[in-house]
Amino acid sequence: MRASVITLGCKVNEYESQSMLNQLKQAGYDISEGLEVADIYIVNTCAVTNIAERKSRQMLAKIKKLNPQAKIIVCGCASQNNPTQFSTNNQVIAVVGNQGKENIFNYISNQNKVLTPIDNTNFTEMTQPINTRTRQYIKIQDGCNYFCTYCLIPYVRGRSRSRNLNCILHEIEVSNASEIVLTGINMSDYRINGELALKKLIKAVDSLNVRFRISSIECNVIDDEMIEILKNCKNFCPHFHLSLQSACNRTLKRMNRRYTIEQFIEITKKLREAFPLASISTDIIVGFKGETDEEFEETLENIKKIQFSFMHIFPYSERSGTAANSLNSTVDSKTKKLREDKLKKLNLQFKHKFFEANCGTKHKVLIEEIVDEKYSLGYTDNYIYTYIPNIYPIGSIQTVELTDEYKDGMLGIVK
C-alpha cells in the first residue's frame, strides 16, 4: 500500500507533513511526497489567501485524474476553515483540519468527516519528522493571538501555544540534520511558563553546535539584547525574515500591526550594524483595503530606505471571516497590479545590490543537491542560492567565496 503526502503553504505545514510521512512509514506504508501515483493521499492544505484555498481544492481534482480509486484525507487550514468544500468529494474519506495530524494514520481506518476541535491550551506534540532533507524544520510554537485584520490564521490555527524546550532540543539532537530551521505560526510569541522566551531558546539551540536559522519573526521581538545574543551565537545563520506588510503607518494601523514604520527602520539599521552581510527579507501586501496612492508612495519611499535583500509581494486578497473584509474602500485589481509591478522592479534592484555586496566574500554553504553532474547547489549562511562548479557530498558544509551573480543566485568557489 502506497501513501503520498501533498503539502501546500507554510514551513509549519511542511514540518507537519514530514511528521505524517513518518507516521505512515512506521505503520508499514510505502511513502512518497507530492502528486505521485498512490493508493492514499493526505493533502495538507493552506488558506492564507483565496488563491491558496482554491489550489487546495484543485489538488483533489488532480488526484482524481491520476487515480480515480484513491482515498483522500484532507487536513490543514483550508479544511479547518471550510470542511464542506472537501467533505462532499466522494474520494475524501476524512476531513481532519489542523487538530488530528498527530494521529493521521487513525483516519485511514476510522473515517471521519467531523473536525476535531483545536486545543487552544496545549501544544500538540507530533511524531518526529522523517529526515528527508539536509535542512530540517523544527516546530517550536503553534497558533497566534495577534489578529491582524487581513489574516485568517488565528481562526484556523487557534491561540498561541508553545512547545516544551526540552522536546525541541531533543528533536534537534536526534534529527542528524546539517541545518535546522526554527519555525512556528508566530514564533515571536514563544513562551516558557507564560513568559516570552525566544532568547532563551536561541541560546539553548546554539549550545547544540548545529547550524541553525530562524524563520519569520516580528520586528518588535528584536531588541539590543536579542541582537547581542545572536552576535554571540556560534552557529546562527544571519538571515532575518521580518514581515513588514506595509511601510505606511496609516495602513499598518488598519492592518492591526503592532509597530510603526519608524520602529521597523530603526531595527533594520541595528541589524545591519551587527550583521553587515545579513539577508533581511520581508512580506509586503499591496492594495490593502483603503490603501491610497499617497499611502502606497509612502510605502515605496520607506522600502527604498530599508533596501531589503528580497521581498515576497502579494496583492491583497479578500478573506471572509476576517476583520478587513468589512472595511470599505477596496482597491481595484488594475491598481493592485500596477503597485505590485513597481515593487517587483524594486525587488530586482535590491536583489542585485545584495549580490554585489557579497561578491568576494566568504560564506559557509550547505550542499543540498547536484545538478547536471556539474554543480553543487545550496544556500549560504546568509541565504544566497549558490552554484559551485564541482561535486561535493550532499549534506556537507563548504566554505565558499562568492564570485559573480549567476541565474537565480551566485557562483561560488570552494576555498
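All residue numbers in this chain count up from 1 along the given sequence.
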List the residues meeting side-chain hydrogen bond (donor to acceptor under 3.5 Å, both in side chains) with [X], not counting sequence neighbours, and say none if there are none.
| X | answer |
| --- | --- |
| Y379 | none |
| N347 | none |
| S216 | S243 |
| D408 | Y387 |

Any side-chain heavy-atom pair of [X] and [Y] under 4.5 Å:
| X | Y | result |
| --- | --- | --- |
| R250 | E291 | no |
| L182 | M187 | yes |
| Y392 | V414 | yes |

Going by salt bridge (Lys or Arg N to Asp or Glu O under 4.0 Å), name the pairs with one or both residues in residues 116-131, residues two or more places apart or in two chains.
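Checked against salt bridge (Lys or Arg N to Asp or Glu O under 4.0 Å) - neighbours excluded - the pairs reaching residues 116-131 are E125-R163.
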Kindly state each residue pair satisfying salt bridge (Lys or Arg N to Asp or Glu O under 4.0 Å) with at least one member in residues 355-366, sequence neighbours excluded.
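Listed once each, the pairs would be none.
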Donor-acceptor side-chain pairing of [X] and [Y] below 3.5 angstrom:
| X | Y | result |
| --- | --- | --- |
| N103 | Q23 | no |
| R161 | N122 | no |
| T251 | E295 | yes |

Test: ring-ring contact (aromatic ring centres under 6.0 Å, His included). Region: residues 188-219. Which pairs qualify, not counting sequence neighbours?
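Those involving residues 188-219 are F212-F236.
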Suppose the criterion is ring-ring contact (aromatic ring centres under 6.0 Å, His included): which pairs have a residue in residues 144-175, not counting sequence neighbours?
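Listed by first then second residue: F147-Y155.
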Listed partners of K269 passing salt bridge (charged side-chain N to carboxylate O under 4.0 Å, His left out), at least two apart
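Expected list: none.
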Partners meeting ring pair (Phe, Tyr, Trp, His ring centres under 6.0 Å) with H241 (sequence neighbours left out)
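With neighbours one apart ignored, the set is H312.
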Tell me, please, which residues at least two apart from Y316 pass ring pair (Phe, Tyr, Trp, His ring centres under 6.0 Å).
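In terms of ring pair (Phe, Tyr, Trp, His ring centres under 6.0 Å), with neighbours along the sequence ignored, Y316 is linked to F288.
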If you take the centroid of each ring, where Trp contributes its six-membered ring, are F275 and F240 closer together than 6.0 Å?
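Here the rings of F275 and F240 have centres that are less than 6.0 Å from each other.
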side-chain contact (heavy atoms from CB on, under 4.5 Å) against A357, all qualifying residues, sequence neighbours excluded
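Not a single residue meets the side-chain contact (heavy atoms from CB on, under 4.5 Å) criterion with A357.
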Would you mind checking if E218 and R257 are paired as a salt bridge, meaning a charged N to carboxylate O distance below 4.0 Å?
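Yes, charged N to carboxylate O under 4.0 Å.
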